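Residue indices begin at 1 and follow the sequence shown. Keep in mind the model is a prediction, meaning the values are calculated, not measured.
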Amino acid sequence: VIIATKFGVNWDANGRTYKDCSSRRIREAIEGSLRRLAVDCIPLYQIHWYDGVTPLHDIIETLDKSRQEGKIQHIGCTNLSIEFIRQLVSMGCRLETLQVEYNLLQREHENTIRHCEEAGMGVIVYSVLARGLFSGKYDTGCKFGKDDTRGQDKVFSIDALHNNLALVQVLQKLAVKYVKTPSQIAIQLAIQKSHISSAIVGIKNAD
């Protein structure tokens with residue numbers, strides 16, 4: 001088991017989130033994660049989002065110091081472009097992993113993924129089930145509550161849903177053939193690629 005977590009988000013007094021990569025926030029986030037995870041060292045610590053404000057040198061310096069203190073072991077990143085990754089590497093930051101959205105429908109990051117493979121970085125993919133679409137639970141009549149962001153997700157948009165559900169039908173046929181679930185087929189089709197190290201799958205409950 002390799003524990004991974006990330007930083008780059010903060011909360012205001014009203015509970016609204018905003019991007020924050022300041023040195024102070026990084027240190028706060030590390031201490032909070034160590035406490036909640038009940039570990040002495042975080043094996044993989046990832047830059048979640050870049051706030052566009054904090055100098056990159058400050059981020060790298062803070063992470064390096066935390067690594068020297070034994071609080072984190074490896075550094076990764078999420079949702080960053082090839083250019084941004086190259087910039088961090090050129091400044092002496094060794095990045096072990098990239099976490100990026102990837103599934104059978106959303107494959108726009110394939111060039112970035114290939115770059116990471118060439119650079120010797122691992123790739124962690126998320127949304128491999130397209131936010132639940134590939135589970136086979138939804139049809140053209142699906143509705144989401146006002147607090148469910150899938151209501152604004154392009155995967156479930158009226159224009160795209162008909163074609164997307166046709167792919168789900170293919171997954172369902174494969175699931176019957178191989179005695180699996182559509183979700184299992186979708187996950188396998190993602191992680192079988194040599195350059196994908198791991199997949200994050202959404203879990204609602206223990207069952």
Peer 1: What donor-acceptor contacts under 3.5 angstrom involve side-chain atoms of residues 161-169, with partners at least two apart or in another chain?
Peer 2:
| residue | atom | partner | partner atom | Å |
| --- | --- | --- | --- | --- |
| Asn164 | ND2 | Val155 | O | 2.8 |
| Asn164 | ND2 | Ala160 | O | 3.4 |

Peer 1: How long is the straight-line distance from NZ of Lys154 back to CZ of Arg131, given to the nearest 0.5 Å?
Peer 2: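 NZ of Lys154 is found 12.0 Å from CZ of Arg131.
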Peer 1: Can I get a per-line list of side-chain donor-acceptor pairs under 3.5 Å for residues 89-100, giving both atom names and the distance, sequence neighbours left out?
Peer 2:
| residue | atom | partner | partner atom | Å |
| --- | --- | --- | --- | --- |
| Ser90 | OG | Arg86 | O | 3.4 |
| Ser90 | OG | Gln87 | O | 2.7 |
| Arg94 | NE | Glu96 | OE2 | 3.2 |
| Arg94 | NH2 | Glu96 | OE1 | 3.4 |
| Arg94 | NH2 | Gly120 | O | 3.3 |
| Gln99 | OE1 | Lys6 | NZ | 3.2 |
| Gln99 | NE2 | Gln46 | OE1 | 3.0 |

Peer 1: Is Ser197 reaching over with its side chain to a backbone N or O of Val123, donor-acceptor style, under 3.5 angstrom?
Peer 2: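 The answer is yes, because a donor-acceptor pair under 3.5 Å joins these two groups.
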Peer 1: Measuring from atom CG of Leu88 to atom CD1 of Ile75, what distance do you get when rounded to the nearest 0.5 angstrom?
Peer 2: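 These two atoms lie 9.5 Å from each other.
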Peer 1: Return yes if some donor-acceptor pair links the side-chain N/O of Asn14 with the main-chain N/O of Arg16 below 3.5 Å, else return no.
Peer 2: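 Flag not set: sc Asn14 to bb Arg16 has no pair under 3.5 Å.
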Peer 1: With side chain to side chain contact (heavy atoms under 4.5 Å, CB included) as the test, pick out the partner of Val128 among Ile187, Ile191, Leu189, Ile200.
Peer 2: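 Option passing the side chain to side chain contact (heavy atoms under 4.5 Å, CB included) with Val128: Ile187.
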Peer 1: Can you list everything that forms a ring-ring contact (aromatic ring centres under 6.0 Å, His included) with Phe7? Sequence neighbours excluded, please.
Peer 2: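 For Phe7, the residues satisfying ring-ring contact (aromatic ring centres under 6.0 Å, His included) (neighbours in sequence not counted) are Tyr45.
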Peer 1: Judged by atom type as modelled, is there a donor-acceptor pair below 3.5 Å linking the side chain of Asp51 to the main-chain atoms of Lys19?
Peer 2: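 Judged by distance alone, no pair lies under 3.5 Å.
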Peer 1: Quick check for you: to the nearest 0.5 Å, what is the distance between Leu56 atom CG and Ile47 atom CD1?
Peer 2: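 Separation between the atoms: 8.0 Å.
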Peer 1: Do any pairs count as a salt bridge (Lys or Arg N to Asp or Glu O under 4.0 Å) and have a residue in residues 172-187, sequence neighbours left out, and if so which ones?
Peer 2: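 Every pair satisfying salt bridge (Lys or Arg N to Asp or Glu O under 4.0 Å) with a residue in residues 172-187: there are none.
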Peer 1: What's the verdict on salt bridge (charged side-chain N to carboxylate O under 4.0 Å, His left out) for Lys65 and Glu61, showing C-alpha distance, side-chain angles and the deciding distance?
Peer 2: CA-CA 6 Å; Lys65 186 175 181 181; Glu61 188 177 70; over 6 Å; no
Peer 1: Can you name the ring-ring contact (aromatic ring centres under 6.0 Å, His included) partners of Phe144, sequence neighbours left out?
Peer 2: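 For Phe144 the ring-ring contact (aromatic ring centres under 6.0 Å, His included) partners, ignoring immediate neighbours, are Tyr138, Phe156.
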Peer 1: Can you give me the closest heavy-atom contact between Asn103 and Ser127, atom names plus distance?
Peer 2: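 What the structure gives for the nearest pair is ND2-O, 2.8 Å.
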Peer 1: Rounded to the nearest 0.5 Å, what separates atom CG in Asp58 from atom OG in Ser23?
Peer 2: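 Between atom CG of Asp58 and atom OG of Ser23 there are 4.5 Å.
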Peer 1: Under the 3.5 angstrom rule, does the side chain of Arg25 hit a backbone N or O of Val9 as a donor-acceptor pair?
Peer 2: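 Answer holds: yes.
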Peer 1: If I compare all heavy atoms of Thr5 with all of Ser33, which pair ends up nearest, and what's the gap?
Peer 2: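 Closest heavy-atom pair between Thr5 and Ser33: CG2-OG, 3.9 Å.
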Peer 1: Quick one, Thr62 and Ile30 - any side-chain contact, counting heavy atoms below 4.5 Å?
Peer 2: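 In short, these two side chains do not touch, never coming nearer than 4.5 Å.
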Peer 1: Measure the shortest side-chain to side-chain distance between Thr78 and Tyr126 over non-hydrogen atoms and say whether it is less than 4.5 angstrom.
Peer 2: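 With C-beta onward as the side chain, the pair stays apart.
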Peer 1: Apply side-chain contact (heavy atoms from CB on, under 4.5 Å) to Glu31 and list each qualifying residue two or more places apart in sequence or on a separate chain.
Peer 2: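 Applying side-chain contact (heavy atoms from CB on, under 4.5 Å) to Glu31 gives Leu34, Lys71.
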Peer 1: Quick check for you: to the nearest 0.5 Å, what is the distance between Phe134 atom CZ and Leu129 atom CG?
Peer 2: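 Taking CZ in Phe134 and CG in Leu129, the distance rounds to 8.0 Å.
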Peer 1: Could you walk me through whether Ser157 and Asp159 pass the side chain to side chain donor-acceptor pair (under 3.5 Å) check?
Peer 2: CA-CA 5 Å; Ser157 70; Asp159 294 335; 5.5 Å; no
